S.K.: 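Take this structure, written in structure tokens, and hold onto it; I'll ask about it next.
Side chains are part of it too, since the values below use all heavy atoms of this structure and drop only hydrogens, waters and symmetry mates. Chain identifiers are assigned alphabetically (A, B, ...) following the order of the sequence lines, protein sequences preceding nucleic acid strands; residue numbering begins at 1 within each chain. All figures in this text were calculated on a predicted structure; none of them were measured in a lab.
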Amino acid sequence: MLRIYNTLARDKQDFVPLRPGKVGMYVCGITVYDYCHLGHGRMMVVFDMVQRWLRASGFAVTYVRNITDIDDKIIRRAVENNETIGELTGRFIRAMDEDLDALGVQKPDHEPRATQYVPQMQAIIGALQENGLAYQASGGDVNYAVRKFPAYGKLSGKSLDELRAGERVEVDTGKADPLDFVLWKSAKEAEPEEVKWDSPWGRGRPGWHIECSAMSCALLGETFDIHGGGQDLQFPHHENEIAQSEGAMGVDSGKRFVNTWMHNGFVRVDDEKMSKSLGNFFTLREILTKFDAEVVRFFLLRSHYRSPLNHSDAHLEDARGALTRLYTALKGVPVSTSSVDWEEPHAKRFKAAMDDDFGTPEAIAVLFELANKINRAGREKAGQLRALGGVLGLLQRDAQAFLQAGGGGGMNEARIQASIEARLAARKARDFAQADRIRAELLAQGIVLEDGAGGTTWRRG
RNA sequence: GGCGCGGUAGCAAAGCGGUUAUGCAGAGGCCUGCAAAGCCUUUUAGAGCGGUUCGACUCCGCUCCGCGCCUCCA
């Protein structure tokens, strides 16, 4: 039985889908005005892992991950760059696809873009207005009347009165309550035509929060199983989604928006949250110039998805060494598409770990025990190791290809092979001084030689 | 100020009320011409103070420290 930590309950709960065997899952994707950083990468890999595990468990999953392609930052950036919104967002969506593809993140079943769901957003806003939860302010913006939604705060554990005690509430004329948030922003003269839609409330564009309510409802229905996102979206974004979606269905309808809320932990740098505003972020593409993408994925999955994760080159190096051990156990094992034997003891422990709120660290520990068994007792379990790794999106490459990835410093394959031959000749002649000299030269280039039963092989060190 | 999360061995990181986490690093051994890899053995834990218990790293309380949210943010 799969158990998931539900933020709404602040506890692990048995996962029971609305419809047997089927799971609807929505995850807040990113706002595409810049390159993805490692924090985005973690969120993407975490929910990719969740999605994979649900499927491996036999569920028919509908996975929706949106793209926010309209918002203040996008507009500002496009104007700065003197390009259209579409050009800017198209560029960064392509970059995101490249980065995620490298990390082994599978495509969601649906990847809706906010700009394609404006009519659905308007419909929800209309319903909210009918239900007395939305009002148009003097400036033209349509706001959500937070005080009218009794359950406001149930996800984040905050009460409106406590929130109001917080100092940083900007005084926005037109809002009935400072905590009310915008559903529909009335158009501003200076903004490009591209971001203006007609609506019953005048020309304008949707607020940020309404996008996810509309897209999730359109693709998964009014109520669905799992909603995920980064911890920083818990408040106010997800709280507002609940207010919108449940408010539109009718506060008294008893209908629920989402059953299970999942939030992944942050990536940190020097014990501080990695973020754009702090300027301490590392983009995926810069990390991927230094580290193999699978090493990055392995690094992200080696800690629990809800724990904070510190990023540093040393930690990535550590992950590389660990993943190298797993691949070393697969040396000489052909890449095959063997499936998992779930009756096998290691697989049972792997499954138990994953079923306990996606315990990837322990699942990966089982992989190492499997590697040890292979090194000790032979290759029978190699297919099992590869197949279990595959459940996490790992260990699918040829072992040699992984071990030699990144090249051999300044040396090409032919030169390395020539050196290995030369060393072999020296060894045969029992000229060990010469043989050791050649090995040292290669090592200086980051190439490690290993004399095995089947001959000498090399890997990057 | 309000709400929440966490403090595990040299580093990273898990589970668990009583039995080896796991990876890297360290020590000894096997293997090797010597190494590397691998295998075997092994040293370093659970912030502090109380409480519950036959027994606590694991449950409860307090203290100290760190982090996050309360504003856009994965």
Side-chain angles (χ1 to χ4, degrees), chain A residues 7 10 27-31 33 36-47 65 68 71-73 153 156-159 161-170 179 181 208 228-237 239 263-268 271-278 281 298-299 302-304 306-310 312 314-326 328-329 331 349 352-353 356 359-369 371-372 374-377 403 427 430-433 435-436 439-440 443 447-453 456-459 461:
Chain A
T7 307
R10 304 206 176 268
V27 170
C28 291
I30 67 163
T31 303
Y33 67 97
C36 293
H37 64 231
L38 187 61
H40 298 120
R42 182 182 197 190
M43 177 273 288
M44 293 291 187
V45 167
V46 160
F47 288 104
R65 192 187 63 214
T68 295
D71 103 321
D72 291 357
K73 285 177 181 170
S156 55
K158 299 176 191 303
S159 77
D161 293 321
E162 285 161 5
L163 284 165
R164 198 156 64 168
E167 317 83 45
R168 285 175 290 181
V169 174
E170 92 271 22
L179 291 159
F181 58 92
W208 179 47
Q231 233 156 41
D232 46 0
L233 297 187
Q234 189 179 322
F235 188 90
H237 183 55
E239 196 70 63
H263 293 97
N264 69 277
F266 296 128
V267 173
R268 298 181 184 172
D271 287 320
E272 273 190 328
K273 175 184 171 183
M274 178 184 290
S275 73
K276 292 268 170 71
S277 49
L278 284 166
F281 62 92
F298 178 81
F299 168 68
R302 201 155 69 128
S303 65
H304 188 84
R306 285 190 284 115
S307 301
L309 175 61
N310 266 302
S312 75
H315 295 162
L316 253 348
E317 271 302 334
D318 191 65
R320 189 176 75 85
L323 187 57
T324 294
R325 176 172 163 81
L326 292 180
T328 299
K331 257 174 97 168
R349 289 180 48 215
D356 184 10
T360 55
E362 200 174 348
I364 286 172
V366 172
L367 260 32
F368 281 101
E369 288 170 28
N372 174 262
I374 291 163
N375 290 331
R376 190 154 32 88
L403 295 170
R427 287 179 70 204
R430 302 199 66 79
D431 183 356
F432 295 120
D436 290 351
R439 187 169 63 196
L443 190 59
I447 291 156
V448 179
L449 295 189
E450 292 174 352
D451 297 329
T456 300
T457 58
W458 67 274
R459 65 180 166 85

S.K.: For the residue pair A:L309 and A:R302, establish whether any side-chain heavy-atom pair is separated by less than 4.5 Å.
M.R.: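 No, their side chains stay 4.5 Å or more apart.
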S.K.: Which nucleotide, if any, forms a Watson-Crick or G-U wobble pair with B:U32, using both distances under 3.5 Å?
M.R.: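 Base partner found: none.
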S.K.: Decide yes or no, distance alone: a donor-acceptor N/O pair under 3.5 angstrom between the base of B:C34 and the side-chain of A:D451.
M.R.: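 Side chain to base: pair present.
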S.K.: What does B:G61 pair with, Watson-Crick or G-U, if both distances are under 3.5 Å?
M.R.: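 Pairing partner: B:C49.
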S.K.: In whole angstroms, how far is the C1' atom of B:A74 from the CG atom of A:L233?
M.R.: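 Whole-Å distance recorded here is 6 Å.
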S.K.: Base, sugar-phosphate, or nothing: which does A:G157 touch, judged by heavy atoms less than 4.0 Å apart?
M.R.: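 Sugar-phosphate contact only - A:G157 comes under 4.0 Å of backbone atoms but never of a base.
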S.K.: Taking the C1' atom in each of B:G46 and B:C57, what is the distance between them to the nearest angstrom?
M.R.: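 Result for the C1' pair: 4 Å, nearest Å.
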S.K.: Nearest of B:C39, B:C72, B:A12 to any side-chain atom of A:N375?
M.R.: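 In terms of side-chain proximity for A:N375, the closest of B:C39, B:C72, B:A12 is B:C39.
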S.K.: Look at A:R376 and B:C40 and indicate whether a side-chain polar atom (N or O) is within less than 4.0 Å of OP1 or OP2.
M.R.: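 Indeed, a polar side-chain atom of A:R376 lies that close.
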S.K.: Within the structure shown, what part of the strands sits under 4.0 Å from A:G452 by heavy-atom distance: base, sugar-phosphate, or nothing?
M.R.: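 Here A:G452 touches no strand at all.
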S.K.: So, is A:S307 close to the B:G6 phosphate, meaning a side-chain N or O under 4.0 Å from OP1 or OP2?
M.R.: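 For B:G6, OP1/OP2 do not have a side-chain N/O of A:S307 under 4.0 Å.
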S.K.: Would a 4.5 Å heavy-atom cut-off, applied to side chains only, mark A:N264 and A:Q231 as touching?
M.R.: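 They are not in side-chain contact.
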S.K.: Between B:U20 and B:C59, how many Å separate the two C1' atoms, rounded to a whole number?
M.R.: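 It comes out at 24 Å once rounded to the nearest Å.
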S.K.: Can you tell me the pairing partner of B:U71 across any strand shown, Watson-Crick or G-U wobble, with both distances under 3.5 angstrom?
M.R.: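 Checking every strand shown, B:U71 finds no partner, since no pair has both distances under 3.5 Å.
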S.K.: Students often get this wrong, so: under 4.0 angstrom with heavy atoms, is A:E317 touching a base, only sugar-phosphate, or nothing?
M.R.: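 The residue A:E317 makes no contact with any strand.
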S.K.: Looking only at the side chains, is there a donor atom on one of A:T456 and A:D451 sitting less than 3.5 Å from an acceptor on the other?
M.R.: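 A pair is found: one side chain offers a donor N or O, the other an acceptor, under 3.5 Å apart.
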S.K.: In terms of side-chain heavy atoms, does A:S156 have a donor or acceptor partner in A:E239 at a distance below 3.5 Å?
M.R.: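 Distance-only check passes for A:S156 and A:E239.
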S.K.: Let's see if you can work this out: which of B:G23, B:C70, B:G33 has an atom nearest to the side-chain heavy atoms of A:P236?
M.R.: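 Selected nucleotide (nearest to the side chain): B:C70.
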S.K.: Using whole Å, what does the distance between atom C1' of nucleotide B:C34 and atom CZ of A:R439 come to?
M.R.: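 Those two atoms, CZ and C1', are 6 Å apart.
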S.K.: If you assign A:F299 and A:R430 each to the RNA chain B nucleotide with the nearest heavy atom, which residue ends up on the more 5' nucleotide?
M.R.: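 Mapping each residue to its closest nucleotide by heavy atoms, the 5'-most match is A:F299.
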S.K.: Does B:C5 pair with anything, Watson-Crick or G-U wobble, both distances under 3.5 Å, and if so, with which nucleotide?
M.R.: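 When the pairing criteria are applied, B:G66 turns out to be the nucleotide that pairs with B:C5.
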S.K.: For B:A13, give its Watson-Crick or G-U wobble partner with both distances under 3.5 Å, or none.
M.R.: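 Result: none.
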S.K.: Choosing from B:A13, B:A74, B:C24, which nucleotide comes nearest the side chain of A:V267?
M.R.: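 Given the options B:A13, B:A74, B:C24, the side chain of A:V267 is closest to B:A74.
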S.K.: For A:V366 and A:C28, take the nucleotide of RNA chain B holding the closest heavy atom to each; which residue's nucleotide lies nearer the 5' end?
M.R.: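 Here A:V366 is the residue nearer the 5' end.
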S.K.: Measuring from the side chain of A:E450 (C-beta onward, heavy atoms only), which nucleotide among B:U22, B:A36, B:C67 has the closest atom?
M.R.: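 Among B:U22, B:A36, B:C67, the one nearest the side chain of A:E450 is B:A36.
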S.K.: Just checking A:H37: base, sugar-phosphate only, or nothing, at a heavy-atom cut-off of under 4.0 Å?
M.R.: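 Here A:H37 touches the bases of the nucleic acid.
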S.K.: Under 4.0 Å between a side-chain N/O of A:R325 and OP1 or OP2 of B:C39, yes or no?
M.R.: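 Yes, A:R325 has a side-chain N/O under 4.0 Å of OP1/OP2 on B:C39.
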S.K.: Test for a donor-acceptor pair under 3.5 Å between the base of B:C70 and the side chain of A:K158, counting only N and O atoms.
M.R.: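 No.
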S.K.: On a whole-Å scale, what distance lies between the C1' atoms belonging to B:A14 and B:U22?
M.R.: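 These two C1' atoms come out 8 Å apart once rounded.
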S.K.: From C-beta outward on A:R459, which listed nucleotide comes closest to its side chain: B:A37, B:G38, B:C72?
M.R.: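 The nucleotide sitting nearest to the side chain is B:A37.
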S.K.: Is A:D271 side chain donor-acceptor paired with the B:G66 base, going by distance under 3.5 Å alone?
M.R.: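 Such a pair does not exist between side chain and base.
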S.K.: Is there side-chain contact between A:L403 and A:W458, with at least one heavy-atom pair below 4.5 Å?
M.R.: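 A:L403 does not reach A:W458 side chain to side chain.
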S.K.: Measuring only the P atom in each nucleotide, how far is B:G15 from B:U8? A whole number of Å is fine.
M.R.: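 Nearest-Å result for B:G15 against B:U8 at atom P: 14 Å.
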S.K.: Considering only heavy atoms and no angle criterion, is a donor-acceptor pair shorter than 3.5 Å present between the side chain of A:D161 and the base of B:G2?
M.R.: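 When only heavy-atom distances are counted, A:D161 does not reach the base of B:G2 through any donor-acceptor pair under 3.5 Å.
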S.K.: Remember a base hit wins even if backbone is also touched, and classify A:F368 as base, sugar-phosphate or nothing at under 4.0 Å, heavy atoms.
M.R.: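 Sugar-phosphate contact only.
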S.K.: Counting only Watson-Crick or G-U wobble pairs whose two distances fall under 3.5 Å, which nucleotide matches B:A21?
M.R.: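 Partner of B:A21: none.
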S.K.: Applying a 3.5 Å limit to both distances, which nucleotide forms a Watson-Crick or G-U wobble pair with B:U42?
M.R.: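 Here B:U42 is engaged in a pair, and the nucleotide opposite it is B:G26.
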S.K.: Heavy atoms only, 4.0 Å cut-off, all strands: where does A:L449 land among base, sugar-phosphate and nothing?
M.R.: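 Touches a base.
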S.K.: Please evaluate residues A:R42 and A:S303 with respect to the criterion side-chain contact (heavy atoms from CB on, under 4.5 Å), reporting the C-alpha separation (whole Å), side-chain torsions for both, the decisive distance (0.1 Å), and the verdict.
M.R.: CA-CA 11 Å; A:R42 182 182 197 190; A:S303 65; 3.5 Å; yes
S.K.: Is there a side-chain contact (heavy atoms from CB on, under 4.5 Å) between A:Y33 and A:K276 once you walk through the steps?
M.R.: CA-CA 12 Å; A:Y33 67 97; A:K276 292 268 170 71; 4.0 Å; yes
S.K.: How many Å lie between CE on A:M274 and P on B:G68, as a whole number?
M.R.: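 Between P of B:G68 and CE of A:M274: 13 Å.
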S.K.: Within less than 4.0 Å of OP1 or OP2 of B:G38, is there a side-chain N or O belonging to A:K331?
M.R.: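 So the side-chain polar atoms of A:K331 never come under 4.0 Å of the phosphate oxygens OP1 or OP2 of B:G38.
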S.K.: What nucleotide among B:G23, B:A74, B:A13 has an atom nearest to a side-chain atom of A:D318?
M.R.: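 Looking only at side-chain atoms, A:D318 lies closest to B:G23.
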S.K.: From the list B:A13, B:G33, B:C72, which nucleotide is the closest neighbour of the side chain of A:L309?
M.R.: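 Output: B:A13.
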S.K.: Would you kindly check if the NZ (Lys) or CZ (Arg) of A:K273 is within the cone defined by 45 degrees around the ring axis of A:F281 and under 6.0 Å from the six-membered ring centre?
M.R.: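 No cation-pi geometry.
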S.K.: Among B:U71, B:C40, B:A14, which is the nearest nucleotide to the side chain of A:N372?
M.R.: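 Of all the options, the side chain of A:N372 is nearest to B:C40.
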S.K.: Which part of the nucleic acid does A:K273 contact within heavy-atom distance under 4.0 Å: base, sugar-phosphate only, or nothing?
M.R.: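 Result for A:K273 = base.
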S.K.: For the side chain of A:R302 and the base of B:A13, is some donor closer than 3.5 Å to an acceptor across the two?
M.R.: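 Side chain to base: no pair present.
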S.K.: Once hydrogens and angles are ignored, does a donor-acceptor distance under 3.5 Å link the base of B:C5 to the side chain of A:R306?
M.R.: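 When only heavy-atom distances are counted, A:R306 does not reach the base of B:C5 through any donor-acceptor pair under 3.5 Å.
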S.K.: Between B:A13, B:G23, B:A74, which nucleotide gets closest to the side-chain atoms of A:A322?
M.R.: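 Minimum distance to the A:A322 side chain belongs to B:G23.
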S.K.: Under 4.0 Å, heavy atoms only, any strand: does A:M44 hit a base, just the sugar-phosphate, or nothing?
M.R.: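 If one applies the 4.0 Å heavy-atom cut-off, A:M44 turns out to touch nothing in the nucleic acid.
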S.K.: Output the rounded distance in Å from CD (A:Q231) to C1' (B:G6).
M.R.: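 Whole-Å distance recorded here is 11 Å.
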S.K.: Counting Watson-Crick and G-U wobble pairs only, both distances under 3.5 Å, name the nucleotide matched with B:G55, or none.
M.R.: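 Paired with no nucleotide.
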S.K.: Would you kindly give the CG-to-P distance between A:L367 and B:C24, to the nearest whole Å?
M.R.: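 Nearest whole value for this atom pair: 14 Å.
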S.K.: Starting the side chain at C-beta, find the nucleotide from B:A12, B:G23, B:C16 nearest to A:D356.
M.R.: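 For A:D356, the side-chain atoms sit closest to B:C16.
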